[in-house]
Protein chains: 2
Amino acid sequence: MREAATAEVRPYHHGDLRRALVDAARRILENEGPSALSLRAVAREAGVSPAAPYHHFKDKGELLEAVAFVGWDALGEAMTAAKDRTPDLGARMTEIGVAYVQFSQEHPALYRVMYDCSRDKDELPEGLQDKEDSAYCQVRETFRAFAGPEVADVDIELATIAAWCAAHGLAEMNSFRQFDPLKQGLGGEEGFLRAVLSHLGMFPASRAKANGPG
Amino acid sequence: MREAATAEVRPYHHGDLRRALVDAARRILENEGPSALSLRAVAREAGVSPAAPYHHFKDKGELLEAVAFVGWDALGEAMTAAKDRTPDLGARMTEIGVAYVQFSQEHPALYRVMYDCSRDKDELPEGLQDKEDSAYCQVRETFRAFAGPEVADVDIELATIAAWCAAHGLAEMNSFRQFDPLKQGLGGEEGFLRAVLSHLGMFPASRAKANGPG
DNA sequence: AGATCATCTTGACGCCGTTCAGATCGATGG
DNA sequence: CCATCGATCTGAACGGCGTCAAGATGATCT
C-alpha cells in the first residue's frame, strides 16, 4: 500500500513524516514566531532526529517552501470566502483586500514565511499563481469581471499587480502600533483598512467609471 | 587626537570602530547580500575579533538598526532630490514614489534590512519619522502642500500611509521576474513603475480634484 | 527467508551569536 | 614621570544552528 497515513494509522517508520514536519513547523510559527523556526526545532517538535527532515526536503528552504505553499492555499480560501460575501462586483475588491490584510494579521509569522520564501526567486510564489482559484487569479478575475471583456489584458494585469502591492504594503504597515490612535478614530482595525484601501484604487467602482482600470 | 582613522591611520585600538562596523556591514550587504551578514563576518571585514562589536552595540540587532538608520537617511535624500526635480505639486508624489522604488531596487539588501529591523517594533523605524526632512515627513508635507490647509490632518495622514503602502508593496513586487514581459511593453522599469503607481492613488492630481485626499 | 531500499539515528563539522576573564593602551592625576 | 583607571579589544569557550556521512532499522518484494 503506497497511500496510507492520511489519518491516524502510522504504517511505517514514522508514517507521513513530510506532512508531520510541515505541521510541526506551522505549530512553531504560531506559538513562537519565525525566529524560533529552526530545522532542529521542527524535527524536535515532530519527534525525530535533526537529520530526518533531509529525507523529505533538500534543505531548510524547501521545508519553508512547503509551509509557504500551505499558507498561500489558506490565503486563497480566505479571499474566496470574502469575495463570495457580496455579489456586488464593484465591492468585491475591497472585501478581498480587507480579507488579505486580516489574514496577514491573524497569521503574521506564516505570512512572513510566505514572502521570505518568494523573495530572490524568479517567479511568483508557487501556489500563488498555479491553480484556477489561487489568490492572484482571484484578484485578476475579479477585475476582469468588473471591467468587462473590452478592457485589455495588460490593463487587467496592471490593476491586479497594483492591488496586490496595495494589500501587501498595507499588511506590512498595519503592524505599526504608531497607527493605533488613527485606527481608534476610524472605527477600529477594519475601518482603518477600508480607509487606507479607499486611497489605493481598491475601489474600482469609483475609478473605473471615470477612465477604466487602464 | 580623537578624530582620525577616516583614512589609513589607525591611531589606537581601532579608532572609530562603531562607524567602521556599520561601513563593513554595508559593504557586506552590497557585495554578498543579507544572508552573509553575520556579526562575525562584519567583525572580520572590519579586522577585529568577533567580540569587539559588543563594546559598541548591545547585540546584532542594534548593529543592524544602525545600518538601517543610514539606509533611511539615504532614502530620504533620494526622495528629496526626486521631489525637487519638479515644481508641480501634483506630480511630486509620483516622482517621490518612483524614487522610492528605484532606491529599493538599487540597494535591495539595505532596503530589506531597513524593514526587517522595523518589524515587530511598536514604532515606525527610527530615522523614518524623526527629522523634518525624514522620508515619511516629506511625503506628508507633499500631500499637505498639494491638498491645502483646509483638508483635515487625519486625511493627510491616511493619504501618507496609503502612499507608503503602495510604494513599499510595489518595491517588493518589483523584483519578480515574472513581470519582465509586462515591463518590456511599458517602456522598461520606470514605465512599469509609473503605470502601477497610476493605479494606486499616487496621482493626487487626478484624485483630489474629485473628492480631496480624504 | 533473504535481499533490497527507503527511512531514521548517531555523531561529527564548521559557522553562528554571545559571554567572560584577561590583555592592551590612552588619559588622568599625583 | 609614574601609577592608576577605565574604555577598548582579544582569546577561549558555550550552546545552537544547518548539513552531511555512515550505520541501524524495518517494510516490501521475490
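As a basis for the values below, the full set of heavy atoms in this structure was taken, side chains included, without hydrogen atoms, waters or symmetry mates. Sequence lines set the chain letters: A, B, ... in the order given, protein chains first and strands last, and positions in each chain run from 1.
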[N] [atom2] sits how many Å from [X] [atom1], rounded?
| X | N | atom1 | atom2 | answer |
| --- | --- | --- | --- | --- |
| A:L63 | D:dG18 | CG | P | 10 Å |
| B:H55 | C:dG26 | NE2 | P | 17 Å |
| A:L21 | C:dT7 | CG | C1' | 12 Å |
| A:H56 | C:dC8 | NE2 | P | 4 Å |
| B:L17 | C:dT24 | CG | P | 19 Å |

Distances for protein N/O vs nucleotides 15-18 of chain C N/O pairs under 3.5 angstrom?
unit_1: C:dC16; atom_1: OP1; unit_2: B:S38; atom_2: OG; d: 2.9
unit_1: C:dC16; atom_1: OP2; unit_2: B:R44; atom_2: NH2; d: 2.6
unit_1: C:dG17; atom_1: OP1; unit_2: B:L39; atom_2: N; d: 2.7
unit_1: C:dG17; atom_1: OP1; unit_2: B:K60; atom_2: NZ; d: 3.2
unit_1: C:dG17; atom_1: OP2; unit_2: B:L39; atom_2: N; d: 2.9
unit_1: C:dG17; atom_1: OP2; unit_2: B:R40; atom_2: N; d: 3.0
unit_1: C:dG17; atom_1: N7; unit_2: B:R40; atom_2: NH1; d: 2.4
unit_1: C:dG17; atom_1: O6; unit_2: B:R40; atom_2: NH1; d: 2.8
unit_1: C:dT18; atom_1: OP2; unit_2: B:Y54; atom_2: OH; d: 2.8
unit_1: C:dT18; atom_1: OP2; unit_2: B:K60; atom_2: N; d: 3.0
unit_1: C:dT18; atom_1: O5'; unit_2: B:Y54; atom_2: OH; d: 3.0
unit_1: C:dT18; atom_1: O4; unit_2: B:R40; atom_2: NH1; d: 3.4

From CA spacing to verdict: side chain to side chain contact (heavy atoms under 4.5 Å, CB included), B:C117, B:V113: CA-CA 6 Å; B:C117 276; B:V113 169; 4.1 Å; yes
Compile the donor-acceptor pairs under 3.5 Å between side chains in residues 63-78 of chain A and protein atoms, sequence neighbours left out, one pair per line.
unit_1: A:E65; atom_1: OE2; unit_2: A:K121; atom_2: NZ; d: 2.7
unit_1: A:D73; atom_1: OD1; unit_2: A:K131; atom_2: NZ; d: 2.4

Does the pair A:E95/A:R194 count as a salt bridge with the N-to-O cut at 4.0 Å? yes
Working note: B:V101 + B:E189, criterion side chain to side chain contact (heavy atoms under 4.5 Å, CB included); need CA distance, chi angles, decisive distance, verdict. CA-CA 10 Å; B:V101 181; B:E189 290 282 351; over 6 Å; no
Would you say the side-chain atoms of A:E190 pair up with the backbone N or O of A:V98, donor to acceptor, closer than 3.5 Å? no
Do B:H168 and B:Y115 come within less than 4.5 Å of each other through their side chains, counting heavy atoms only? yes
